[in-house]
Amino acid sequence: MKRFSKYLLSTLCVVSLAFSAGAFLSVRAAQPAATVAGQPVDLTYAAEKALPTVVHIRYLQNSKVKTVDVQRDPFEDFFDPFGFFGNPGNRGGKRQQQVQTPKKEAFGSGVIISTDGYIVTNNHVVEGADELTVTLNDNREFSATIVGTDKTTDLALIKINAKDLPAITIGDSDKLRVGEWVLAVGNPFTLNSTVTAGIVSAKARSLGANGVESFIQTDAAINSGNSGGALVNTKGELVGINAMLYSQTGSYSGYGFAIPTTIMNKVVADIKTYGQVQRALLGITGTDARKWIDAQKAQDKEPDLDVNDGVYVNSVEPDGAGADAGLAEGDVITAVDGKKVTTMAMLQEIMATKRPGDKANITFVHKKKSKSVTVTLKNAQGNTGVVKQADLDVLGANFREVTDEQKKQLNIAYGIEVIKVNKGVLATAGITKGFVIQKANDTPINTIEDLQKAVKDASTSKDPVLYIQGVYPTSKKGYFAVPLSNE
């Protein structure tokens, strides 16, 4: 369960969501009922529709040996001035030490979105898991595999090997209205199949917890274990994936947050089609215009943007779609594709539904004049192509973890040895057999799996290059820049 310090993000704590039951619940026949102002709201139909589709997820991470940076003992050099027992090139700073991590077990929720076993949950529910066990509402258990994850939106897609499962109906979160009743279904404190209720308190909330977010805010009672559960409307349709709470104590304080289905649908479709999210970028940094105005006033300045709502543009990337549209620092984006934009969260939600190569009509205020320009959106690498994760095969080499004898001989604590070099980017960069890779893009490489992850992360970044550090069999250090190809 992910948590934020009370000194960060106004003491946000990422846990599961569960909604407090309102005073106007009544039990009636299981059918969708129209809401009449001032009348009780019937949520029994929604509960009956949603309950069978929400699952309990058990997360298990095995104990592992991990290399960590630790602060060097200031007396270390006094007793070992020549570095006989440590790394002589790292005196006075940090040193690397191997530690045994404890076994971890945690619990969360998920939502069945198709009858053949696809389940949506939060990334933080499954991240780093060695084993995932899914328990259905009817108590059947299945092992689950991770199909794909997206840390930027805190979403993950997993799958179990089953057929004819009860799948939830996916609704349109754009149609939600503030004040509308919603249900949360999940497994708080491992209390399986729990249903609670609340209303939509606000939409398009940004908390600064994820890279892309436009949360549905509710007056939800949030408890551990509901992360990844379903937020449904009175028809029993999925409108959000429960993800966060606002709290000064770590317990429910009145506000909960869910990822809207507008974002979820795109993430799931991309993972299924491409194996990862294809993210379209406008190529700007910005903030809410209202926040920028308030910040200026706090400095006794008199800002005059000619508008009070929108996204204030702080900077524009030279080769991005925003630059192609003519956006400049100080402009205010007010609409995309005719849809009004008042906050950065709203802009992120719209952009999260698009892919590189899609066109978008951007309406913005430039020097107090409104303009509308249609541009082609780009990916993080500045083009419109599909971004693919490179696999370890792109390196064109074989590897093995260094032996204890090599560690002693080379005076190192970790690394993987290049045991064969074929055609590939390593050979092109000049890395030869026998070289021991210790770091890739400043990340320690203890295992082949570590290198695999480094390759995948680098291949989809803005700068698809693997910066490798290591040592030769002679103990000479080596540094290489290895461009990664997505072809």
> Is any side-chain heavy atom of N314 closer than 4.5 Å to a side-chain heavy atom of T287?
Replying inline: yes

> For the side-chain contact (heavy atoms from CB on, under 4.5 Å) test, which of T432, V436, I431, L410 pairs with Y472?
Replying inline: T432

>> Consider side-chain hydrogen bond (donor to acceptor under 3.5 Å, both in side chains). Of R279, R355, Q278, which one does D270 pass it with?
In response: R355

> What are the two closest non-hydrogen atoms of N187 and V55, and how far apart are they?
Replying inline: ND2-O, 3.0 Å

> Using a distance-only test with no angle check, is there a side-chain donor-acceptor pair under 3.5 angstrom linking Q348 and E213?
Replying inline: no

> Got a donor-acceptor contact below 3.5 angstrom from the N122 side chain to the G228 backbone?
Replying inline: yes

> Under 3.5 Å, side chain of Q452 to main-chain N/O of L392, donor-acceptor pair present?
Replying inline: yes

> Hey, what do you get for NE2 (H56) to OG (S193), rounding to the nearest 0.5 Å?
Replying inline: 10.0 Å

> Above 12 or not: heavy atoms from other molecules or residues under 6.0 Å from NZ of K407?
Replying inline: yes

> Hey, what do you get for CE (M346) to CD (E349), rounding to the nearest 0.5 Å?
Replying inline: 8.0 Å

> Is the backbone of A328 close enough, under 3.5 Å, to the side chain of D331 for a donor and an acceptor to pair up by distance?
Replying inline: yes

>> Check whether Q469 reaches the backbone of I437 with its side chain - one donor and one acceptor, N or O, closer than 3.5 Å.
In response: no

>> Measuring only between side-chain heavy atoms, which start at C-beta, is L155 closer than 4.5 Å to N123?
In response: no

> Is the Y312 ring parallel, tilted or perpendicular to the W292 ring (thresholds 30°, 60°)?
Replying inline: parallel

> Between atom CD of Q217 and atom NZ of K203, what is the distance when rounded to the nearest 0.5 Å?
Replying inline: 13.0 Å

> Which heavy atom of P52 sits nearest a heavy atom of P166, and at what distance?
Replying inline: O-CG, 3.3 Å

>> Could you check whether any side-chain N or O of N379 sits under 3.5 Å from a backbone N or O of G385, counting only pairs where one atom can act as donor and the other as acceptor?
In response: yes

>> Walk me through whether Q276 and I271 qualify under side chain to side chain contact (heavy atoms under 4.5 Å, CB included).
In response: CA-CA 4 Å; Q276 66 186 84; I271 288 175; 5.8 Å; no

> Does a side-chain heavy-atom distance below 4.5 Å link L165 with L136?
Replying inline: yes

>> For the OG1 atom of T149 and the CD atom of E127, what is their distance to the nearest 0.5 Å?
In response: 7.0 Å

> When you measure from the side chain of Q438 to the backbone N and O of V471, does any donor-acceptor pair fall under 3.5 Å?
Replying inline: no

> Can you check side chain to side chain contact (heavy atoms under 4.5 Å, CB included) on V465 and L484, steps first, answer last?
Replying inline: CA-CA 6 Å; V465 177; L484 300 175; over 6 Å; no

> How many angstroms lie between OG1 in T474 and CD in Q409, if you round to the nearest 0.5 Å?
Replying inline: 10.0 Å

> Which of these passes side-chain contact (heavy atoms from CB on, under 4.5 Å) with I259: T262, T261, I263?
Replying inline: I263

> Can you list every pair that meets side-chain hydrogen bond (donor to acceptor under 3.5 Å, both in side chains) and has a residue in residues 421-430, with sequence neighbours left out?
Replying inline: none

> Do V311 and V341 have side-chain heavy atoms sitting under 4.5 Å apart?
Replying inline: yes

> Shortest non-hydrogen contact from V375 to A321?
Replying inline: CG1-O, 3.8 Å

> Is the closest side-chain heavy-atom distance between T145 and I158 below 4.5 Å?
Replying inline: no

> How about Y467 and Y479: are their ring centroids closer than 6.0 Å?
Replying inline: no

> Around K453, counting heavy atoms of other residues, nucleotides and ligands shown, do more than 12 lie under 6.0 Å from its NZ?
Replying inline: no

> So, do F257 and I216 sit near enough that their side-chain heavy atoms are less than 4.5 Å apart?
Replying inline: no

>> Walk me through whether K462 and E317 qualify under salt bridge (charged side-chain N to carboxylate O under 4.0 Å, His left out).
In response: CA-CA 12 Å; K462 184 177 181 180; E317 292 183 8; 3.7 Å; yes

>> Run the side chain to side chain contact (heavy atoms under 4.5 Å, CB included) test on Y414 and I445 for me, step by step, so that the C-alpha distance in whole Å, both residues' side-chain angles and the decisive distance to 0.1 Å come before the verdict.
In response: CA-CA 7 Å; Y414 62 94; I445 304 299; 5.6 Å; no

> Can you list the steps and then say if K378 with D324 is a salt bridge (charged side-chain N to carboxylate O under 4.0 Å, His left out)?
Replying inline: CA-CA 11 Å; K378 301 179 180 181; D324 295 343; 3.2 Å; yes

>> Tell me whether N210 contacts the main-chain N or O of T152 through its side chain, where contact means a donor paired with an acceptor under 3.5 Å.
In response: no

> Are K104 and Y59 in a cation-pi setup, meaning NZ or CZ lies under 6.0 angstrom from the ring centre and within 45 degrees of the ring axis?
Replying inline: no

> Around D116, counting heavy atoms of other residues, nucleotides and ligands shown, do more than 12 lie under 6.0 Å from its CG?
Replying inline: yes

>> As an exercise, state the distance from CD1 of I119 to OG of S109, rounded to the nearest 0.5 Å.
In response: 11.0 Å

> Nearest heavy-atom pair of F215 and A243: which atoms, and what distance?
Replying inline: CE2-CB, 4.5 Å

> Are more than 12 heavy atoms from other residues, nucleotides or ligands located less than 6.0 Å from atom CG of D138?
Replying inline: yes

>> Treating T101 as the side-chain partner and S63 as the backbone partner, does any N or O pair qualify as donor plus acceptor under 3.5 Å?
In response: no

> How about M264 and I170: do any of their side-chain heavy atoms sit closer than 4.5 Å?
Replying inline: yes

> Is there side-chain contact between I419 and F399, with heavy atoms separated by less than 4.5 Å?
Replying inline: no

> So, are D337 and K354 salt-bridged, with charged N and O less than 4.0 Å apart?
Replying inline: yes

> If we ignore angles and hydrogens, is there a donor and acceptor under 3.5 Å between the side chains of T353 and K266?
Replying inline: no

> Which heavy atom of K388 sits nearest a heavy atom of S459, and at what distance?
Replying inline: O-OG, 3.8 Å

